[in-house]
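Mind having a look at this structure? Questions to follow.
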Amino acid sequence: MLLLQQMIVLFIYMLLGYYGSKKGALDVKAGKILSWIVINIANPALILNSAVGGNGKAAGRELVSTAVIAVVMYTALLILAWFAPIVFRASEDEKGIYKLMTTFNNIGFMGFPVIAAVYGNEALLYAAIFTLPFNGLIYTYGIAMVRGRDAEGEGFQWKRIWNIGVVSCLIAVALYLSSAPIPQFAATAIVGLSGLTGPLSMMVIGISLSDIRLKELFLDGKLLAYAAVKLLVIPVAGTLIIRRFVDNEVLVAVCMIMLATPVASMAVMLAGQYDRNIELASKGVALTTILSVITIPAVSWLVL
């Protein structure tokens, strides 16, 4: 029930962004500004907030387990991504987008706010570990997925994965494990800024939805079928498998949220940057985001 209430709250934030955009108060430029604030200020603060007052010695083993699970999870998603275009009979210009949508979830803009509100700071630290393989893959293999044959022959580039999300995660883990004291003014600032993540991130999503004809989304049979697999089949099956090997209920819940969140908004950004099928990416993000308000609580009810 708490998870459903939190999803309703996030949906309200999303509606506010949608309404503001429709009324002309918020536009694409405003969305980019809010995105910058979330990516570079609010979300890093949310990650760091997980380390404030933590007792690292008690959670060290769980953090290692989380890292292993994250690597295994993304490996499995990469394998599933290769089959997605075949299962859904994707055309040549759709293949890379389907692979991208299958592999990457909106763990930052939606996953973190949900986990922080429902499961608390300890769970958020586990969630932060997932940003390491996420960023490592999306800025390298994710780009290759979108570019397709254009990316063949290019080597791995470390500089693409060294960003503020990864740095924030590493600092949070270091602070948590060392139990280093944090000045009260710094802790207060971190807590305050972290509170911006949920409202602003969902408003950005709402702004992005304002340019899409929502009626068309629910008439696209192939995309609806894909959303059902993405939001229900994969997270339910994945969580049930994880439960067989993990006893920590909080960690299992975090893994469930990581798998159940909608398509990452980065899919649209990458499709636009490399001039690929941005319409499919936009529809995939929009449809899965809207449906996730219902499917995340449903998955939780089924497997937790």
Under a 4.5 Å cut-off applied to non-hydrogen side-chain atoms, are Ile212 and Leu217 in contact?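 In contact.
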Is Lys222 salt-bridged to Glu94, cutoff N-O under 4.0 Å?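 Salt bridge: yes.
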Ignoring hydrogens and angles, tell me if any N or O in the side chain of Thr261 forms a donor-acceptor pair with the backbone of Gly111 under 3.5 Å.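 A pair under 3.5 Å: no.
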Kindly work out whether a path of hydrophobic side-chain contacts (I/L/V/M/F/W/Y, heavy atoms less than 4.5 Å apart) joins Tyr141 to Tyr74.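 Yes, because Tyr141 and Tyr74 connect within a single hydrophobic cluster, where side-chain heavy atoms sit under 4.5 Å apart.
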Please answer whether the main-chain N or O of Trp36 pairs with a side-chain N or O of Asn40 as donor and acceptor at a distance below 3.5 Å.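 Yes, Asn40 side chain to Trp36 backbone: donor-acceptor pair under 3.5 Å.
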Nearest-0.5 Å distance, CG of residue Leu137 to CG of residue Leu132: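 Output value for this atom pair is 11.0 Å.
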Are any non-hydrogen side-chain atoms of Leu63 and Leu125 less than 4.5 angstrom apart?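 Yes, their side chains come closer than 4.5 Å.
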Pairs satisfying salt bridge (charged side-chain N to carboxylate O under 4.0 Å, His left out), at least one member in residues 15-34, at least two apart: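 Salt bridge (charged side-chain N to carboxylate O under 4.0 Å, His left out) check on residues 15-34 returns no pairs.
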Enter the distance from Met203:CE to Leu26:CG here, rounded to the nearest 0.5 Å.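 CG of Leu26 is found 5.0 Å from CE of Met203.
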Is the number of heavy atoms from other residues, nucleotides or ligands within 6.0 Å of CZ (Phe83) greater than 12?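 12 or below, so no.
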Co-membership, hydrophobic cluster, residues Val72 and Ile107, 4.5 Å side-chain: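 Each belongs to a different hydrophobic cluster.
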Should the ring pair Tyr98 and Phe88 be called parallel, tilted or perpendicular, given that the plane angle runs from 0 to 90° and is split at 30 and 60?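 Judged by the thresholds at 30° and 60°, the geometry between Tyr98 and Phe88 is parallel.
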Got a sec: does the CZ of Phe11 have more than 12 other heavy atoms crowding it under 6.0 Å?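 No, because the 6.0 Å sphere around CZ of Phe11 holds 12 heavy atoms or fewer from other groups.
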So, does Thr197 use its side chain to make a donor-acceptor pair with the main chain of Pro113 at under 3.5 Å?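 No; judged by distance alone, with no hydrogens or angles, the pair does not exist.
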Do the side chains of Leu231 and Ile294 join up, straight or via other hydrophobic residues, at under 4.5 Å, putting them in one cluster?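 Different clusters: Leu231 never reaches Ile294 through Ile, Leu, Val, Met, Phe, Trp or Tyr contacts under 4.5 Å.
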How long is the span from the CD1 atom in Ile115 to the CZ atom in Phe130, to the nearest 0.5 Å?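 The CZ atom of Phe130 is 8.0 Å from CD1 of Ile115, to the nearest 0.5 Å.
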Considering all heavy atoms, the nearest Val114-Gln6 contact: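 Residues Val114 and Gln6, closest heavy atoms: CA-CG, 4.3 Å.
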Under the criterion side chain to side chain contact (heavy atoms under 4.5 Å, CB included), I'd like the reasoning laid out for Lys230 against Asn105: C-alpha separation, chi angles, the key distance, then a yes or no. CA-CA 9 Å; Lys230 171 74 175 177; Asn105 291 11; 2.3 Å; yes
With distance as the sole test, does Ser201 use its side chain to make a donor-acceptor pair with the main-chain N or O of Phe109 at under 3.5 Å?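 Side chain of Ser201 to backbone of Phe109: a pair is present.
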Regarding Glu62 and Thr66, do their side chains bring together a donor and an acceptor under 3.5 Å, going by distance alone?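 The answer is no; no qualifying pair exists.
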Going through the distances and angles, do Tyr226 and Thr102 end up as a side chain to side chain donor-acceptor pair (under 3.5 Å)? CA-CA 9 Å; Tyr226 173 79; Thr102 303; 3.0 Å; yes
Would Leu219 and Glu216 satisfy side chain to side chain contact (heavy atoms under 4.5 Å, CB included), going step by step from the backbone distance to the final call? CA-CA 5 Å; Leu219 297 177; Glu216 292 182 1; 5.7 Å; no
Give every residue pair that meets the salt bridge (charged side-chain N to carboxylate O under 4.0 Å, His left out) criterion with at least one member in residues 236-263, sequence neighbours excluded.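 Residue pairs passing salt bridge (charged side-chain N to carboxylate O under 4.0 Å, His left out), neighbours aside: Arg243-Glu249.
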Would you confirm whether Thr131, through its side chain, and Ala128, through its main-chain N or O, come within 3.5 Å as a donor-acceptor pair?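 Side chain of Thr131 to backbone of Ala128, a donor-acceptor pair under 3.5 Å: yes, one is there.
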Ignoring hydrogens and angles, tell me if any N or O in the side chain of Thr288 forms a donor-acceptor pair with the backbone of Gly284 under 3.5 Å.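 Pair found, side chain donor or acceptor close to backbone of Gly284.
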So which atom in Ala116 and which in Leu124 form the shortest heavy-atom distance, rounded to 0.1 Å?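 Scanning both residues completely, I find the closest heavy atoms to be CB-CD2, 4.2 Å.
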